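Values in this document were obtained by computation on a predicted structure and should not be read as measured data. Side chains included, hydrogens not; waters and symmetry mates left out as well; all remaining heavy atoms used.
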Amino acid sequence: MKFFLDTANFEEIHEANSLGILDGITTNPTLIAKEGKPFKETIIAICNEVNGPVSCEVIATDCAGMLKQGRDYATWHKNIVVKLPTTREGVKACKTLTGEGTKTNLTLCFTPNQALIVAKAGATYVSPFIGRLDDISEDGMQVIKDIVQIYKNYGYTTQVLAASLRHPMHVVKAALAGAHVGTLPAKVLDQMFKHPLTDKGLETFLSDWKKANTAGS
Ligand code: E4P
């Protein structure tokens with residue numbers, strides 16, 4: 001499973017990247033706005049930091065506008081993936097950008113049917129939002145499972161990017177379902193490290209080591 005970090009915060013990106021296990025970044029307008037820095041400058045700085053795909057979302061809602069923005073973004077850096085909404089206009093833009101060799105991430109996907117459509121349009125990634133489905137009492141993980149199965153049935157190459165992950169078990173279940181990518185908030189990545197027996201075990205090993213090395217001295 002590839003790990004993307006779901007943030008535009010440079011400190012979080014730098015910290016996660018230093019682990020050596022970071023494969024890419026996803027951003028959205030909300031995450032960009034949170035940082036309060038110029039959009040293009042932020043995206044280029046992220047692309048220079050992370051050696052992997054960086055999703056950058058269009059704001060236009062019509063195909064022509066999405067193409068204009070997407071083509072511009074694609075000139076900014078080789079790591080750019082143009083993030084498009086899963087709408088009729090987004091799908092048209094996806095088809096065209098894919099034909100031009102630009103990578104795409106179709107976002108705000110909530111159903112297997114939407115995922116089927118975007119795979120047919122040649123999307124590089126589809127982003128089903130697990131947490132937001134759970135928030136309205138639907139089963140986000142089932143949507144991931146269904147999409148993975150449908151893509152397998154037909155050999156679609158679109159990668160399932162599990163998004164809107166809210167806690168470590170979302171990551172485990174998305175990985176078990178066969179999602180190609182999980183995009184993790186920094187907090188979730190941090191939680192994934194933690195186990196009290198790891199901390200306790202390490203504490204014991206270190207104190208026993210100290211005892212062994214001071215014995216008889
Ligand atoms: C990533 O591509 C999505 O924009 C993000 O995971 C959405 O997460 P949220 O539902 O927690 O805002």
Indicate yes or no: does Asp135 engage Arg132 in a salt bridge with an N to O separation below 4.0 Å.
-> no
Tightest non-hydrogen contact, residues Ala121 and Thr98, listed as O-OG1, 3.7 Å
Do the side chain of Glu57 and the main chain of Leu84 share a donor and acceptor less than 3.5 angstrom apart?
-> no
Residues Asp190 and Lys194 bridged, charged N to O under 4.0 Å = yes
Between Ser55 and the options Thr124, Thr107, Asn105, Thr26, the side-chain hydrogen bond (donor to acceptor under 3.5 Å, both in side chains) test singles out Asn105
Decide if atom NE2 of His167 counts as having more than 12 heavy atoms of other residues, nucleotides or ligands within a radius under 6.0 Å.
-> yes
Glu203 and Lys200 ion-paired at < 4.0 Å | no
Without swapping roles, check the side chain of Asn17 against the backbone of Glu49 for a donor-acceptor pair under 3.5 Å.
-> yes
In terms of hydrophobic clusters joined by side-chain contacts under 4.5 Å, are Trp76 and Ile46 together?
-> yes
Going by the side-chain contact (heavy atoms from CB on, under 4.5 Å) test, name the single residue among Leu5, Asp23, Leu22 that passes it with Val50.
-> Leu22
For Glu100, all residues meeting salt bridge (charged side-chain N to carboxylate O under 4.0 Å, His left out), sequence neighbours excluded = Arg71
Donor on one side chain, acceptor on other, Glu12 and Thr7, under 3.5 Å = yes
May I ask you to decide if the ring planes of Tyr154 and Tyr156 are parallel, tilted or perpendicular, using 30° and 60° as cut-offs?
-> tilted
Which atom pair, heavy atoms only, marks the closest approach of Cys94 to Leu106?
-> SG-CD2, 3.7 Å
